[in-house]
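To keep things clear, I will list the structure first and then write my remarks on it.
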Protein chains: 2
Amino acid sequence: MEEKCTNQAYLELMQTSKAIQDCIKMEMMNHKINITEFSVLEVLYFKEKQTIQQIGKSILISSGSMTYVIDKLEQKGFIKRIDCPNDRRVIHVVLTENGMNLMEKIMPKHRDLINNMLGDLTDQESQTMIKLLKKVSKRVET
Amino acid sequence: MEEKCTNQAYLELMQTSKAIQDCIKMEMMNHKINITEFSVLEVLYFKEKQTIQQIGKSILISSGSMTYVIDKLEQKGFIKRIDCPNDRRVIHVVLTENGMNLMEKIMPKHRDLINNMLGDLTDQESQTMIKLLKKVSKRVET
DNA sequence: TAGAATTATCTCATATTCGAGATATTTTAA
DNA sequence: TTAAAATATCTCGAATATGAGATAATTCTA
């Protein structure tokens with residue numbers, strides 16, 4: 001029997017994460033936003049006020065994409081840009097009233113969704129998974 | 001202390017898969033192809049002859065995207081379309097000589113890369129990970 | 001067997017992402 | 001203090017992904 005063409009753990013890992021990703025994508029479509037936009041809103045929901053740079057680093061997208069997504073969210077009225085008086089290169093971003101309302105509507109359901117998807121794992125299993133994934137991450141980065 | 005905003009296992013899972021994804025992306029840049037193109041070639045490398053539809057289902061992209069990526073790969077000379085005589089709606093795709101050569105060059109290194117990334121896991125750990133991920137997958141799909 | 005439904009692919013317009021380079025500002029260092 | 005380096009954001013063009021609808025062929029069914 002020939003060796004399995006690709007690492008099984010690898011396949012499982014990539015398929016599972018994609019399935020989760022797709023699930024969240026669908027969830028967000030209901031609110032007329034995409035995953036990237038949600039990620040930005042999520043950062044702001046927890047951090048309140050962030051520079052465009054900081055958000056980009058959090059969610060790992062390029063500066064060009066940041067400008068684009070921030071524009072979109074501003075057009076939709078969920079966030080607003082605030083010029084920084086101390087450093088005029090910098091622009092801060094915060095949720096608007098609307099943005100906050102949206103997030104307060106979305107987040108509980110979103111948390112449930114995540115917890116439900118990961119929810120068959122016992123605490124013990126969850127810890128094991130985290131440990132194993134960290135081991136892999138460490139290896140990938142180097 | 002407030003509950004952690006997002007499920008840790010979830011975060012770890014998504015970050016790890018993204019890191020792996022990025023790593024493969026970089027690997028493929030060396031060969032002047034992107035991940036989607038590689039995925040198509042990989043399917044053909046193992047399955048020999050597939051319809052456009054079948055490939056699309058394997059790698060989970062839309063029919064519009066399939067036409068695009070198949071065009072690109074044909075332009076690059078790695079695959080060719082073959083009309084199906086039995087069912088004229090269908091188009092089969094196979095690797096060309098060039099495409100096969102490319103894959104024979106790429107695949108060993110790619111296998112190594114994957115095995116290396118996942119390689120810190122013992123067989124036991126790998127099995128555990130697979131088991132846990134399957135448990136999650138099952139939950140996500142429903 | 002004709003018409004309806006299904007299937008496979010393609011076309012097209014739109015959206016998103018990226019990277020390179022432009023611009024403006026601040027910081028550093030001689 | 002001033003020139004150089006670093007930083008933050010934006011602009012722009014290219015690449016890629018999507019979904020809706022078009023086209024063409026096949027299959028199903030009354």
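Letters go in sequence order (proteins before strands), and every chain restarts at 1.
Cluster membership check: A/Ile130 does not share its hydrophobic cluster with A/Leu132, using side-chain heavy-atom separations under 4.5 Å among Ile, Leu, Val, Met, Phe, Trp and Tyr. Linking Ile, Leu, Val, Met, Phe, Trp and Tyr whenever their side-chain heavy atoms come within less than 4.5 Å puts A/Val69 and A/Phe46 in one cluster. B/Ile79 is not connected to B/Val94 by any chain of hydrophobic side-chain contacts under 4.5 Å among Ile, Leu, Val, Met, Phe, Trp and Tyr, and they are in different clusters. No continuous path of hydrophobic side-chain contacts links B/Val93 to B/Tyr68 [ILVMFWY only; heavy atoms under 4.5 Å].
The line from NZ of A/Lys57 to OG1 of A/Thr51 is 8.0 Å long, rounded to the nearest 0.5 Å. Taking CD1 of B/Ile55 as the reference point, atom OG of B/Ser39 lies at 11.0 Å (rounded to 0.5 Å).
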Reading 5' to 3' through nucleotides 17-23 of chain D, protein heavy-atom contacts under 4.0 Å coded B for base, S for sugar-phosphate only, - for none: SBB----
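Within the 6.0 Å centre-distance limit, the rings of A/His110 and A/Phe38 are counted as a close aromatic pair.
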Evaluation steps, side-chain hydrogen bond (donor to acceptor under 3.5 Å, both in side chains), between B/Ser65 and B/Ser62: CA-CA 5 Å; B/Ser65 301; B/Ser62 66; 3.0 Å; yes
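Here the side chains of A/Met100 and A/Phe78 are not in contact, with every heavy-atom distance at 4.5 Å or above.
In this structure, B/Lys72 places its NZ atom 9 Å from C1' of D/dT16, rounding to the nearest Å. Residue B/Leu73 contributes atom CG, which lies 15 Å from atom P of D/dA15 at whole-angstrom precision. Computed from coordinates, the B/Met29 CE to D/dT16 P distance equals 12 Å when rounded to whole Å.
Within the 4.0 angstrom heavy-atom criterion, no nucleotide atom of any strand lies near B/Asp71. Using a 4.0 Å heavy-atom distance criterion, B/Asp83 is classed as making no nucleic acid contact.
Looking at every heavy atom in both residues, A/Arg88 comes nearest to A/Pro85 through CG-O, 4.4 Å.
In this structure, B/Asp123 places its CG atom where only 12 or fewer heavy-atom neighbours from other residues, nucleotides or ligands lie under 6.0 Å away.
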Kindly give the atom pairs (protein nitrogen or oxygen, nucleotide nitrogen or oxygen) under 3.5 Å for nucleotides 3-7 of chain D.
{"from": "D/dT7", "atom 1": "O2", "to": "A/Arg89", "atom 2": "NH1", "distance (Å)": "3.1"}

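First and last contacts of DNA chain C with chain A, using any nucleotide atom under 4.0 Å from a protein heavy atom and ordered 5' to 3', fall at C/dA15 to C/dT26.
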